[in-house]
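Each residue takes its place number in the sequence, starting with 1. Only this structure's heavy atoms are used, side chains among them; waters, hydrogens and symmetry mates stay out.
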Amino acid sequence: MTEQVTDSQASVTTVVSRVVSYPVKTVWGGLWTRDGQTALLGQGAALGDKGDTWRAEDGTWGVTRSFHPLEQIRFSWHEDDDSPKTWVEVTLTELSSTETKIQISHDHSNADFDVAKITSHWKDVLARIDSDAL
């Protein structure tokens, strides 16, 4: 599922989601492994405590903003050193004892942001989380 919303301040939010056949505890644990962090952020990156900076080998970087175990991770995301700050939120929703919905919302992107590119990026991230981290 993909959704794009534009608010009155010309900010674009892209939302992608995927249902995986794992309980929410397994998904949460998988996100915090090395493979999970690589799948989510890129090679060489890892989320730390609130306020910690992360940086991937592809030049993307950001700051860990918050995490709520078994529910949500939020971090800032910059495409490169010259890009404006945007926000990414990963939300887990337990659908059953064996299924979890992973939703990634990327917001505060300006109107000229390449929505197709970022949508493809986050869909690929969800596929990698499912195949590499779980």
Side-chain angles (χ1 to χ4, degrees):
M1 178 174 99
T2 303
E3 176 183 347
Q4 289 138 12
V5 179
T6 304
D7 71 23
S8 61
Q9 297 174 337
S11 176
V12 178
T13 299
T14 301
V15 180
V16 297
S17 64
R18 182 181 187 115
V19 175
V20 295
S21 298
Y22 298 95
V24 71
K25 281 186 173 185
T26 301
V27 176
W28 181 260
L31 286 172
W32 292 101
T33 66
R34 183 186 318 234
D35 288 339
Q37 295 288 290
T38 297
L40 179 60
L41 302 171
Q43 192 68 36
L47 293 171
D49 292 328
K50 183 177 179 178
D52 287 350
T53 300
W54 60 269
R55 183 173 295 274
E57 292 174 7
D58 66 1
T60 56
W61 68 279
V63 176
T64 304
R65 302 311 305 162
S66 67
F67 49 89
H68 303 279
L70 305 177
E71 295 176 7
Q72 179 247 34
I73 304 166
R74 186 173 168 103
F75 52 91
S76 65
W77 190 88
H78 301 258
E79 191 168 19
D80 57 42
D81 286 335
D82 298 323
S83 297
K85 174 175 56 180
T86 59
W87 295 102
V88 175
E89 183 173 290
V90 180
T91 306
L92 304 182
T93 304
E94 183 176 52
L95 301 178
S96 72
S97 62
T98 60
E99 284 190 325
T100 302
K101 178 181 172 184
I102 307 169
Q103 179 174 293
I104 299 176
S105 300
H106 190 148
D107 60 1
H108 293 285
S109 307
N110 59 31
D112 63 346
F113 202 66
D114 188 340
V115 173
K117 179 180 174 184
I118 203 63
T119 299
S120 178
H121 170 78
W122 293 119
K123 284 183 175 182
D124 291 346
V125 164
L126 288 172
R128 284 194 307 270
I129 289 170
D130 193 8
S131 66
D132 298 350
L134 305 177

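Taking hydrophobic clusters as Ile, Leu, Val, Met, Phe, Trp and Tyr residues chained together by side-chain heavy-atom distances below 4.5 Å, Val20 does not share a cluster with Leu95. Under the 4.5 Å side-chain contact rule for hydrophobic residues, Ile104 and Trp61 do not share a cluster.
Across Ala133 and Gly36, no two heavy atoms sit closer than the pair CB-CA, 3.5 Å. Nearest heavy atom pair, residue Ala56 against residue Leu41, reads CB-O, 3.5 Å. Taking all atoms of both residues into account, the shortest heavy-atom contact from Leu134 to Thr26 is CD2-O, 3.8 Å. Summarising the geometry of Val15 relative to Thr13, their closest heavy-atom pair is CG2-CG2, 4.0 Å, with the distance given to 0.1 Å. Taking every heavy atom of both residues into account, Leu126 and Arg18 meet most closely at O-CD, 3.7 Å. Closest non-hydrogen pair, Val16 versus Trp122, comes out as CG2-CB, 3.5 Å.
Side-chain contact between Tyr22 and Ile102 is absent, with no heavy-atom pair separated by less than 4.5 Å. Between Val90 and Phe67, the closest side-chain pair of non-hydrogen atoms is not below 4.5 Å. Counting heavy atoms from C-beta on, the side chains of Leu40 and Val88 never come closer than 4.5 Å. Counting heavy atoms from C-beta on, the side chains of His78 and Val63 never come closer than 4.5 Å. Between Thr86 and His106, the closest side-chain pair of non-hydrogen atoms falls below 4.5 Å. Proximity of Asp52 to Leu47: side-chain heavy atoms (C-beta onward) are nowhere separated by under 4.5 Å.
The NE2 atom of His68 sits 10.5 Å away from atom CD1 of Ile73, with the distance rounded to the nearest 0.5 Å. The CG atom of Leu70 lies 7.0 Å from the CH2 atom of Trp28; values are rounded to the nearest 0.5 Å. How far CZ of Arg55 is from CG of Asp81: 4.5 Å, rounded to the nearest 0.5 Å. For the atom pair Thr64 OG1 and Arg74 CZ, the distance stands at 12.5 Å (nearest 0.5 Å). The NZ atom of Lys101 lies 4.5 Å from the OG atom of Ser17; values are rounded to the nearest 0.5 Å.
A donor-acceptor pair is defined here as one N or O able to donate and one able to accept, closer than 3.5 Å; no such pair exists between the side chain of Glu79 and the backbone of Thr60. A donor-acceptor contact shorter than 3.5 Å links the side chain of Thr100 to the backbone of Val24. Using modelled atom types, one side-chain atom of Thr33 and one backbone atom of Gly30 make a donor-acceptor pair closer than 3.5 Å.
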Ile129 vs Leu31, side chain to side chain contact (heavy atoms under 4.5 Å, CB included): CA-CA, chis, key distance, verdict = CA-CA 7 Å; Ile129 289 170; Leu31 286 172; 3.7 Å; yes

What's the verdict on side chain to side chain contact (heavy atoms under 4.5 Å, CB included) for Thr38 and Asp132, showing C-alpha distance, side-chain angles and the deciding distance?
-> CA-CA 9 Å; Thr38 297; Asp132 298 350; over 6 Å; no

Side chain to side chain contact (heavy atoms under 4.5 Å, CB included) between Gln37 and Trp32, worked out | CA-CA 6 Å; Gln37 295 288 290; Trp32 292 101; 3.8 Å; yes

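In this structure, a donor-acceptor pair under 3.5 Å is present between the side chains of Asp80 and Ser83.
Ring geometry for His121 against Trp77 counts as tilted: the plane angle lies between 30° and 60°, on a 0 to 90° scale.
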